[in-house]
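Read the structure below first, then the notes.
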Amino acid sequence: MPSTKTRKKPARSKKAKTRSVATAESMAEKQREISVSEFFAKNRHLLGFDNPRKALLTAVKEAVDNALDACEEAGILPDVHVRLLQLDESRFKLTVRDNGPGIVRAQIESIFGKLLYGSKFHRMKMSRGQQGIGISAAGMYGLMTTGKPVHIISKTSRRKPAHDVTLKIDTSKNRAEVVTDKESPKSDDLFPGGNGTQVVIELEGRYQKGRQSIDEYLEQTAIANPHAELTWISPTNETIVFPRAVDELPDEPKEIKPHPKGIELGTLIQMLERTDTGSLSGFLQKEFCRVGQRKASELAKKADKLSSKTITPRTRVSQLGHAEANCLYQAIQEASIMSPPTDCLVPIGSRALLAGLLKEVQAEFFAAATRPPSVYRGNPFQMEVAIAYGGSLGSEETARILRFANRVPLLYQQSACSSFKAVAETSWKNYGLSQPRGSLPTGPLVVLVHMASVWVPFTSESKEAIADYDEIRKEMKLALQECGRKLGTYLRRRKQMRKQAERRDIFERYIGEIAVCCEALVGTDPKKLYAALRKQAAKKTREADQKLDLDGKVVSNKRLEQDEDVIILPNRQFLTGDEVDSLFEGDAPPEKKKKSVKKSTKKKSSNRKKSSSKAR
């Protein structure tokens, strides 16, 4: 049979999808400017509003930091009240009030309703805030999650009534819209000192105690700011007061100019274009620190050697092009310029660090170290470290690290922070502590690391971790090693003192028996012999009664009390299960042992008397 071929039916043609083709003109119509507020509203995780619990902490942190900055700049000892009222399961009302100088009416909208607006971004001066984002971002988050505006009450003088303003931020235009604005004489009672600011934000969040909580943040803020008094009212209506430990304000930091070594070529070109100074020498002296007339002439001569055009100290700045600016930049990098001044920094200080730790940490040994100021990328910075050991701290837990930047606690992203890496890289075994490889030490230890700088290099806008610069980590490790040496000296001396105390205890157990036996043999007075033997035992083991100073040397009680770098509290000494510290527990043996020893000595002495009489 002939094969029959089956023909396939032709497939029905599908309608071709029409694709819209954009033209340059249509694409141009869709382009528009993106507001800063819109960007951060969509990317609020960059500002620390990742989750409800963290968002609540970030809002508190931004408000408290602003309050402390305002009080210190006005020369007022800070008195900050923080209250968190829970409205329902996930909604809270945050109220933060301070006794600062207040805010003038014309600035309230810009400060609380505009992102990237502030007075601290352009100045080279140590401060908590840097970017002009924090408190306005907290208000924006509250508006997005609850739809409620921010409520501000500000009073600048006793003679002026308080201003009561309610506003919300327009994210499309990055500006504030005032909802209500009035003078409120009734609010004067909120500010007994006659001035201050109160901000109320309603927002969604989740309150939980423990690590990385509002309670921990305020506790650490009290440690780093012992001159401030903080009052915290929790959602459970529990009032906690962190009292002021120091009645003196820290020194006021001074503003400095940029350092030539800390700028880049593009920044230098912009500065040359914007300056109103005529000559190159005048520009260098006016715009930079550590550049005098002689140094400016030296930089101009070096730039002249690198450039094809003539460059002198009197060269007009307007005549310098890109090539000449590049030569000037290379001359600056090759020159030796003095480090920037450090009066722009105000470290916490050893005395204040120890006072803060002593107030909050129940430990037996405290030590602090402050490094000399150093420089990274032309920005001056200074490192401080304090440690607390023993006492009621857990002996089997890893060491706890308290990280601070410009007196502000850093609670998140610990493993990404340079402070954490510096503590982990320090060899704590050399100082008598156990430490797994590449990890934190184990033992009853608290380590506080503080960085003071005109510009702290945070890893993100949320200001949660310090970037890992080699210069910064080096200074951290040097300060940690200094405190570690003090701790190691103390632990070694304490171990030796305990050993000598045990020797004395063992010796004193048999002094009575030795005195009785000597009386039986040679007839000496047992009381005099007992006193002499006790005196000799105290002399041979006198190290058990010694006190230690910063360097592990024996000091008097008076000198130890006056030492500002070390605090030792013997009544808080921490003991592990297998350690016996007879120096502080007493030397007297149990009564049963004493009775058995006396009985045995009487029997022995009576036997010796009988044998001696027989011999006679």
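Values below: every heavy atom of this structure, side chains too, minus hydrogens, waters and symmetry copies.
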Is there a donor-acceptor contact under 3.5 Å from the side chain of [X] to the main chain of [Y]?
X	Y	result
R407	A224	yes
D79	N99	no
N406	S453	yes
S460	L46	no
R485	L480	no
N225	A228	no
T145	L203	no
S136	I133	yes
Q212	K54	no
N379	W455	no

With a 4.5 Å cut-off on side-chain heavy atoms, are [Y] and [X] touching?
X	Y	value
Y469	K474	no
L445	I387	yes
V408	V64	no
L353	R351	no
F191	R97	yes
F40	F49	no
K125	E252	yes
Y217	L57	yes

Do [Y] and [X] meet the salt-bridge criterion of a basic N to acidic O distance under 4.0 Å?
X	Y	result
R91	E202	yes
K477	E482	no
E216	R400	yes

Rounded distance [0.5 Å steps], [atom1] in [X] versus [atom2] in [Y]:
X	Y	atom1	atom2	value
R206	R53	CZ	CZ	6.0 Å
T58	L47	OG1	CG	8.5 Å
L448	F366	CG	CZ	11.5 Å
Q382	E384	CD	CD	6.0 Å
I201	L84	CD1	CG	11.0 Å
L85	I233	CG	CD1	10.0 Å

Mind running salt bridge (charged side-chain N to carboxylate O under 4.0 Å, His left out) on K209 and E238 for me, showing each step along the way? CA-CA 12 Å; K209 289 188 175 183; E238 179 185 5; 3.0 Å; yes
Going through the distances and angles, do V96 and V60 end up as a side-chain contact (heavy atoms from CB on, under 4.5 Å)? CA-CA 8 Å; V96 179; V60 173; 5.5 Å; no
Run the side-chain contact (heavy atoms from CB on, under 4.5 Å) test on K463 and E62 for me, step by step, so that the C-alpha distance in whole Å, both residues' side-chain angles and the decisive distance to 0.1 Å come before the verdict. CA-CA 11 Å; K463 299 183 292 186; E62 297 296 346; 4.1 Å; yes
Do [X] and [Y] have side-chain N/O donor and acceptor atoms under 3.5 Å apart?
X	Y	value
E72	H227	yes
D215	Y207	yes
R83	N237	no

Using every non-hydrogen atom in the two residues, find where [X] and [Y] come nearest and quote the distance to one decimal.
X	Y	value
E475	P372	OE1-O, 4.0 Å
A479	A369	O-CB, 4.0 Å
L249	G75	CD1-C, 3.2 Å
P457	M451	CD-CE, 3.7 Å
P341	P380	O-CG, 4.0 Å
A222	F242	CB-CB, 3.8 Å

Could you please spell out the steps behind the side-chain contact (heavy atoms from CB on, under 4.5 Å) verdict for L68 and R128? CA-CA 8 Å; L68 293 174; R128 293 174 181 83; 3.6 Å; yes
With a 3.5 Å cut-off and sequence neighbours excluded, list the donor-acceptor pairs that the side chains of residues 409-423 form with protein atoms.
from : atom 1 : to   : atom 2 : distance (Å)
Q413 : NE2    : E464 : OE1    : 2.8
S418 : OG     : D468 : OD1    : 3.4

Take V82 and T95, measure what side-chain contact (heavy atoms from CB on, under 4.5 Å) needs, and give me the verdict at the end. CA-CA 6 Å; V82 182; T95 304; over 6 Å; no
Near D251 CG, under 6.0 Å, is it more than 12 heavy atoms from other residues, nucleotides or ligands? no
Over 60° means perpendicular and under 30° means parallel, so classify the ring planes of F365 and Y490, tilted if in between. parallel
